[in-house]
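Before any comments, here is the structure.
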Amino acid sequence: MSGTRASNDRPPAAGGVKRGRLQHEAATTGSRVTVVLGAQWGDEGKGKVVDLLATDADIISRFQGGNNAGHTVVVDGKEYDFHLLPSGIINTKAMSFIGNGVVVHLPGLFEEAEKNEKKGLKDWEKRLILSDRAHLVFDFHQAVDGLQEVQRQAQEGKNIGTTRKGIGPAYSSKAARTGLRICDLLSDFDEFSTRFKNLAHQHQSMFPTLEIDVEGQLKRLKGFAERIRPMVRDGVYFMYEALHGAPKKILVEGANAALLDIDFGTYPFVTSSNCTVGGVCTGLGIPPQNIGEVYGVVKAYTTRVGIGAFPTEQINEIGDLLQSRGHEWGVTTGRKRRCGWLDLMTLRYAHMVNGFTAKTGQGARCTLVSAHGPRVNHSRARCVWAVRPREAQGRSGRGHGVGGPRPAVLVCKTGRCSLPGPRGLALTKLDILDVLDEIKVGIAYKLSGKRIPYFPANQEILQKVEVEYETLPGWKADTTGARKWEDLPPQAQNYIREMGWRWQIQRFDDPAVLDKDRADPGRPRPRQQPQ
């Protein structure tokens with residue numbers, strides 16, 4: 001499926017053509033899902049892009065993680081906080097799906113739902129589908145998560161910095177084949193109880209101080225079983241029907257980000273699941289051929305929560321300014337985020353793993369999505385740029401703290417644009433840089449004085465890299481009122497051009513090309529040719 005907004009502004013005939021194409025596609029390989037993923041260490045504002053795409057989606061799904069994510073949405077002045085529920089649960093016309101790759105803490109799920117019900121969320125249980133293959137997070141998993149962090153601190157002098165929501169221990173039980181799934185809870189409860197007791201005793205043997213109210217937890221779980229029973233479906237069959245039935249717009253909402261992926265992130269300071277595009281297939285039970293557009297969401301600078309390598313971190317007044325202006329505090333943990341310059345080496349690496357695309361069919365019309373008033377068409381290329389200023393956007397974005405600013409979103413949705421932005425990436429929080437005299441961008445890494453074309457896997461090596469920066473002039477102007485590309489100051493436009501240009505160079509060429517590039521400051525910017 002397309003899942004983009006450009007199609008919504010076509011004349012009826014074009015829409016009919018597209019529906020015919022979608023029906024033909026569904027009859028052959030099936031519909032395709034649109035995926036939104038983080039391209040850094042999380043907290044990029046994925047929720048803003050999800051919100052933008054979810055308004056006309058039929059299904060919004062989560063495929064990994066648990067209630068260690070954080071997403072705040074403001075609708076009609078009401079602030080909703082989501083951690084486990086897909087953010088699309090607000091959309092009363094769409095179904096929300098929690099896939100088998102997610103680990104579910106049932107007490108947390110209902111607590112989250114009840115809090116949002118008081119704020120106006122209605123009939124959520126009628127719009128939520130739970131995969132029967134999703135693993136369960138138990139209260140003792142959360143207790144163990146905290147004990148492990150204390151243990152790491154005592155033994156190694158540092159911890160991973162988990163959210164202590166039991167996510168890692170639950171995935172450990174899954175990998176050890178001792179975990180319990182939703183389908184187990186809804187089947188023979190006596191058998192479930194026996195396995196639960198065995199699992200609890202295993203954890204108590206590893207952590208002698210761990211206290212577990214086994215009977216109390218089982219009684220509570222039995223009550224939750226009846227509450228979720230109407231929501232549970234065979235997840236694989238649900239997604240197969242969605243993909244191969246009548247054409248649907250299916251949006252996949254990623255949590256965490258590429259550099260927190262259990263395989264591809266800055267291990268061991270990562271999350272416990274695959275939050276890159278491969279996890280969509282295993283976390284929803286769909287084949288690769290049904291992956292459509294893939295959006296990578298990136299801040300105009302870089303942040304990270306907790307410890308671990310961070311090459312472009314600024315432990316100085318610049319880092320403090322970014323943290324203060326960006327209100328960089330975690331939604332789930334409340335922890336202060338570390339801040340630094342944009343790092344194009346991490347983006348290149350994230351693209352290698354995810355293959356960010358976000359392109360539409362040939363001839364898509366350009367649509368400007370304005371926060372004030374309806375969407376309007378304009379004639380600049382075949383792209384979709386969304387400029388959503390912070391004063392009208394509302395607090396929306398994964399990991400965006402309460403009381404924070406309303407970051408602007410500038411996103412090329414198609415990748416077919418003649419505007420010189422980065423293809424396949426959604427750029428957020430550009431306005432945080434408004435006050436800077438100059439802005440640096442990390443363009444390459446050096447080890448022992450030599451550039452390296454890869455992102456190091458080993459943390460000790462990554463800690464040693466020297467970042468090569470490009471310094472650009474700041475724009476010293478307020479961009480929060482921008483509604484279209486031409487509204488941005490020339491220096492802000494140039495920052496986006498440089499981001500797109502440098503990212504494309506590092507994506508396709510040897511870093512040595514940067515030397516030639518630097519010697520030719522008047523180089524033409526690469527543009528997509530009209531098709």
Side-chain angles (χ1 to χ4, degrees), residues 1-4 32-50 52-53 60-65 69 99 101-102 250-267 270-284 286-300 302-304 342-360 397-399 409 411-416 421-428 442 453-457 462 499-500 502-509:
M1 63 157 270
S2 168
T4 65
R32 294 183 179 180
V33 302
T34 296
V35 184
V36 178
L37 301 171
Q40 295 163 306
W41 275 287
D43 310 309
E44 302 92 350
K46 294 179 290 294
K48 288 184 284 294
V49 180
V50 170
L52 186 68
L53 299 174
I60 301 99
S61 58
R62 286 227 12 219
F63 67 94
Q64 47 77 222
V102 179
I250 304 172
L251 184 62
V252 179
E253 176 183 346
N256 313 118
L259 297 180
L260 294 175
D261 185 277
I262 186 68
D263 287 303
F264 303 109
T266 48
Y267 191 89
V270 294
T271 192
S272 302
S273 59
N274 287 113
C275 36
T276 44
V277 71
V280 176
C281 295
T282 57
L284 294 178
I286 64 174
Q289 68 192 29
N290 293 111
I291 302 293
E293 297 176 0
V294 181
Y295 290 85
V297 186
V298 55
K299 276 179 184 169
T302 309
T303 63
R304 177 168 196 174
L342 182 66
D343 186 342
L344 296 188
M345 284 294 287
T346 61
L347 298 191
R348 172 195 180 226
Y349 176 67
H351 173 72
M352 286 179 174
V353 175
N354 289 299
F356 301 127
T357 54
K359 61 183 179 180
T360 62
R398 198 164 288 284
V409 182
V411 50
C412 174
K413 290 176 63 180
T414 69
R416 291 183 177 273
R423 177 175 177 171
L425 294 183
L427 180 64
T428 68
Y454 57 88
F455 186 80
L462 188 57
M499 179 183 173
R502 293 290 187 182
W503 179 62
Q504 289 181 24
I505 284 178
Q506 291 202 21
R507 197 171 81 188
F508 296 117
D509 303 314

Rounded at 0.5 Å granularity, tell me how far [atom1] in [X] sits from [atom2] in [Y].
| X | Y | atom1 | atom2 | answer |
| --- | --- | --- | --- | --- |
| L260 | R304 | CG | CZ | 6.5 Å |
| Q40 | L342 | CD | CG | 6.5 Å |
| C275 | F63 | SG | CZ | 7.0 Å |
| K46 | K48 | NZ | NZ | 9.5 Å |
| L259 | L347 | CG | CG | 8.5 Å |
| N354 | L37 | CG | CG | 5.0 Å |

Looking at [X] and [Y], what are the two nearest heavy atoms and their distance?
| X | Y | answer |
| --- | --- | --- |
| A257 | E44 | CB-OE2, 3.1 Å |
| R62 | Q64 | NH2-O, 2.9 Å |
| A350 | A258 | CB-CB, 3.9 Å |
| T303 | G42 | OG1-O, 4.0 Å |
| A426 | V49 | CB-CG2, 3.8 Å |
| I60 | E253 | CG2-OE1, 3.8 Å |

Is there a side-chain contact between [X] and [Y] (heavy atoms, below 4.5 Å)?
| X | Y | result |
| --- | --- | --- |
| T428 | K299 | yes |
| F264 | F455 | no |
| T346 | T302 | no |

Candidates D261, N256, I262 - the one meeting side chain to side chain contact (heavy atoms under 4.5 Å, CB included) with T271: N256
Option passing side chain to side chain contact (heavy atoms under 4.5 Å, CB included) with S61 (candidates V280, I286, V252, L251): V252
Quick one: sort the F356 and H351 rings into parallel, tilted or perpendicular, breaks at 30° and 60°. tilted
Pair W41, T266: side-chain N/O donor-acceptor within cut-off below 3.5 Å: yes
Okay, side chain of T357, backbone of E293: is any donor-acceptor separation there less than 3.5 Å? no
